[in-house]
Amino acid sequence: MSKNSLVRCLIILIILVNACSKSDENSVTPTNEVVNGINKSNMLNLINSYRSTGCNCGTVKMPAVAKLIWNDKLGVSANKHTTDMSKNNYFSHTSKDGRTMSDRIKAEGYSGSTLGENIAMGQTSEKQVIESWINSPGHCANIMNGSFTDVGFARSQNYWTQNFGRSK
């Protein structure tokens with residue numbers, strides 16, 4: 001094979017690999033990478049294990065629902081809120097500047113509907129925070145809400161935020 005033929009084959013291979021690896025800008029296939037202080041695959045697996053089997057949220061039996069997918073814009077919103085709470089030593093769904101969860105999510109350009117948010121403080125692992133949320137009926141209901149299709153989450157020190165939405 002000539003050098004020119006080899007170069008052409010490599011160029012075609014690169015083009016094919018790039019074409020196959022493009023993904024929707026709003027969702028990213030989970031990997032073992034740490035994103036916003038959390039192992040993304042581990043957290044998605046924990047969330048989706050409850051969603052795929054159903055569970056009890058307090059006294060309410062929640063049926064299995066579709067798995068959530070990662071959304072970068074929800075992740076950025078969660079990360080900014082978590083970092084703000086950690087940096088400014090507060091714990092609330094309302095930012096110190098008065099912005100709500102909806103304000104923060106929309107500011108990142110997420111155009112989905114049916115928004116939700118879980119926050120937590122003090123847990124030291126993905127498993128621990130998910131168990132805390134599952135043991136809280138309101139937080140559990142967010143995790144098990146079949147209207148949600150997307151999720152983004154973050155951790156800063158031991159502050160945690162989970163943002164949920166439904167893609168339009």
Side-chain angles (χ1 to χ4, degrees), residues 24-30 33-52 54-58 60 62-168:
D24 182 299
E25 73 176 50
N26 290 329
S27 64
V28 177
T29 303
E33 69 182 307
V34 173
V35 175
N36 301 336
I38 300 173
N39 179 306
K40 186 163 64 171
S41 286
N42 190 30
M43 182 67 107
L44 278 171
N45 288 336
L46 288 166
I47 293 165
N48 286 327
S49 69
Y50 285 101
R51 287 180 64 92
S52 64
C55 69
N56 290 328
C57 293
V60 178
M62 303 296 285
V65 293
K67 292 181 177 182
L68 294 173
I69 61 169
W70 173 262
N71 181 281
D72 285 334
K73 292 174 183 176
L74 292 176
V76 169
S77 175
N79 190 47
K80 286 182 178 179
H81 185 55
T82 301
T83 301
D84 187 50
M85 287 191 298
S86 174
K87 180 179 167 187
N88 293 301
N89 197 29
Y90 73 98
F91 182 69
S92 175
H93 289 284
T94 304
S95 300
K96 285 215 169 185
D97 62 8
R99 290 178 304 134
T100 65
M101 169 242 347
S102 179
D103 296 332
R104 293 187 302 271
I105 290 172
K106 289 177 182 174
E108 296 310 321
Y110 185 79
S111 59
S113 59
T114 316
L115 304 175
E117 180 176 75
N118 284 345
I119 59 174
M121 183 176 67
Q123 295 80 1
T124 59
S125 70
E126 291 91 349
K127 186 174 191 239
Q128 196 177 60
V129 76
I130 288 295
E131 287 175 0
S132 293
W133 283 327
I134 289 297
N135 289 322
S136 165
H139 294 104
C140 180
N142 272 343
I143 291 170
M144 296 303 298
N145 186 333
S147 295
F148 295 137
T149 57
D150 304 325
V151 67
F153 38 75
R155 173 186 181 185
S156 178
Q157 296 180 27
N158 288 325
Y159 288 82
W160 303 77
T161 302
Q162 242 183 352
N163 285 149
F164 304 94
R166 179 174 191 86
S167 297
K168 286 188 177 182

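Just so you know, these numbers come straight off a predicted model, no measurement behind them.
- Side-chain atoms of Thr149 come within 3.5 Å of backbone atoms of Ser167 as a donor-acceptor pair (strictly under, hydrogens ignored).
- Side-chain N or O atoms of His81 include one that pairs as donor or acceptor with a backbone N or O of Ser92 at under 3.5 Å.
- If you take CG on Asn42 and CD1 on Ile47, they are separated by 10.0 Å, rounding to the nearest 0.5 Å.
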Determine, step by step, whether Phe153 and Val129 satisfy the side-chain contact (heavy atoms from CB on, under 4.5 Å) criterion, reporting the C-alpha distance in whole Å, the side-chain angles of both residues, the deciding distance to 0.1 Å, and the verdict.
CA-CA 11 Å; Phe153 38 75; Val129 76; over 6 Å; no
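- Here the closest non-hydrogen pair linking Ala78 and Gly152 is CB-O, 3.9 Å.
- Between the side chains of Asp150 and Tyr110, at least one donor-acceptor pair of N or O atoms lies under 3.5 Å.
- In this pair, Phe148 and Phe164 present their aromatic rings parallel. The plane angle is below 30°, not in the 30 to 60° band.
- The CE atom of Met121 sits 12.5 Å away from atom OH of Tyr90, with the distance rounded to the nearest 0.5 Å.
- Within the 3.5 Å criterion, the main-chain N or O of Gln128 finds a donor-acceptor partner in the side chain of Ser132.
- Using a 4.5 Å heavy-atom threshold, the side chains of Trp160 and Ile130 count as separate.
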The test is side-chain contact (heavy atoms from CB on, under 4.5 Å); show your working for Ile143 and Gln162 and say whether it passes. CA-CA 9 Å; Ile143 291 170; Gln162 242 183 352; 3.8 Å; yes
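- Among Asn36, Asn163, Thr161, the single residue meeting the side-chain hydrogen bond (donor to acceptor under 3.5 Å, both in side chains) criterion with Thr82 is Thr161.
- The backbone N or O of Ile38 lies less than 3.5 Å from no partner atom in the side chain of Glu126, so there is not a single donor-acceptor pair.
- Evaluation of the salt bridge (charged side-chain N to carboxylate O under 4.0 Å, His left out) test over residues 101-112, restricted to residues two or more places apart or in two chains, returns Lys80-Glu108, Arg104-Glu117.
- Between the CD atom of Gln157 and the CZ atom of Arg155 there is a distance of 9.5 Å, given to the nearest 0.5 Å.
- To the nearest 0.5 Å, the span separating CG on Asn48 from CD1 on Ile69 amounts to 10.0 Å.
- The structure places CG of Leu68 at 11.5 Å from CE of Met43, a figure rounded to the nearest 0.5 Å.
- Pairing of Cys57 with Cys140 by a disulfide is supported, the SG atoms lying closer than 2.5 Å.
- With rounding to the nearest 0.5 angstrom, the OG atom of Ser102 is 5.0 Å from the CG atom of Leu115.
- Proximity of a side-chain donor or acceptor of Arg51 to a complementary backbone N or O of Asn145 within less than 3.5 Å is detected.
- Residue Gly54 comes nearest to Met144 through the heavy atom pair CA-CE, 3.7 Å, listed as atom of the first residue, atom of the second, then distance.
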